[in-house]
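Structure first, commentary second.
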2 protein chains.
Amino acid sequence: MGKGAHTREMILDEASELAAKIGLGGLTIGELAARTELSKSGLFAHFGSKESLQLQVLERNSTRIIDLVIRPALREPRGEPRLRGLVGRWLDWASRNGGCPLVAASFEFDDQPGPVRDRVVALQRDWLDTLTTVCATGVAEGHFRADVDPRRLAVDVEGVLLAFHVMHRLLSDPAAREYAQHGLDTLIAAAR
Amino acid sequence: MGKGAHTREMILDEASELAAKIGLGGLTIGELAARTELSKSGLFAHFGSKESLQLQVLERNSTRIIDLVIRPALREPRGEPRLRGLVGRWLDWASRNGGCPLVAASFEFDDQPGPVRDRVVALQRDWLDTLTTVCATGVAEGHFRADVDPRRLAVDVEGVLLAFHVMHRLLSDPAAREYAQHGLDTLIAAAR
């Protein structure tokens, strides 16, 4: 990775933390310059526009979710262990500084048409498809009943993740992780 | 209700729709003036400051949730029917124009300390307490097992609501309501 690309990634990581705090909508090149003490002209050279910066923050986080959550989970045995691995790693990811920027963006941009919303929709669809596929391996392996609809189960699991985000990040509830674990256990038991 | 109070409520309803679209953080007196074609000075006279406007939008929506969701649900028979009534009415509420502003604010303000975050936390706690109490009537009535923890069940139900918000508002999935119904059915069946 060249120096320019490396600098770009570092700035995108800082931009991601900032976006997690103030929302992707509040993330402008001016705001990023003010908080990082980098020059506005330098940031413009790297990112071009507010919208381009927001889109690149989305991509950066999508890549990190693939690296930290999805790829390691796919090394778990198919079926229930893989589903548990995926959820556990996502909970670790959302427990990091600022929570999951894609979750915040899913609620922030649902009524704001444009390229950022389109990308949030596509990333959320990809994530649900991944969850659905992993739930389907549970049916294929015989861990879950044959009549379990993997998509329905995936939506129920997504609910557990979103509730964790609220319990942990907004309400600072010390039992947040235990609630999420119990929620997942309930869904898995119901699918058996 | 006097004319002034009536005007104030009307403006707060418009402010709520705007907040649902662009987020509570984007809701400034200037932005509200621009979109409603009301005078900035008139709005300042009604609301005083951006923060005060945001807090009043939260109160207005809290009142509407009590009127449209909680109070009618509390007229249902205790236990499972009341839980189903509460969830069904919340899904109606979140299907309205712009979705539920309190949900959006729960993700937007989780990292922004101050009076608005404090109020969002308090309202979210009140809502979870209501859900918990209604789940507890299910245990008391014998609809749910005696060892069901009403708080855990409430958090699981909250997950169903949040997943509905994403499936319906962000992904425009025509099956969103059916998924939510199925998610609730699964939780209730597991609690029996």
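- Residue A/Leu161: no heavy atom, backbone or side chain, is found under 4.5 Å from chain B.
- Among A/Leu128, A/Leu171, A/Val121, the residue with the largest count of heavy-atom pairs under 4.5 Å with chain B is A/Leu171.
- A/Ile66 and A/Leu12 end up in the same hydrophobic cluster when Ile, Leu, Val, Met, Phe, Trp and Tyr side chains are linked at under 4.5 Å.
- Contacts with chain B were tallied for A/Val157, A/Ile22, A/Leu153; A/Ile22 has the most, counting heavy-atom pairs under 4.5 Å.
- The side-chain contact (heavy atoms from CB on, under 4.5 Å) test applied to A/Ala104 returns no partner, not counting sequence neighbours.
- Considering only residues two or more places apart in sequence or on other chains, B/Val160 meets the side-chain contact (heavy atoms from CB on, under 4.5 Å) condition with B/Ala180, B/Leu187.
- Put simply, the side chain of B/Phe107 does not reach to within 4.5 Å of the side chain of A/Leu170, judged on heavy atoms.
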Do chain A and chain B have donor-acceptor pairs under 3.5 Å, and which are they?
unit_1   : atom_1 : unit_2   : atom_2 : d
A/Asp111 : OD1    : B/Arg169 : NH2    : 2.5
A/Asp111 : OD2    : B/Arg169 : NH2    : 3.2
A/Arg117 : NH2    : B/Arg169 : O      : 3.0
A/Arg117 : NH2    : B/Leu170 : O      : 3.1
A/Arg125 : NH2    : B/Leu171 : O      : 3.2
A/Arg152 : NH2    : B/Glu178 : OE2    : 2.5
A/Arg169 : O      : B/Arg117 : NH2    : 3.0
A/Arg169 : NH2    : B/Asp111 : OD1    : 2.5
A/Arg169 : NH2    : B/Asp111 : OD2    : 3.2
A/Leu170 : O      : B/Arg117 : NH2    : 3.2
A/Leu171 : O      : B/Arg125 : NH2    : 3.1
A/Glu178 : OE2    : B/Arg152 : NH2    : 2.6

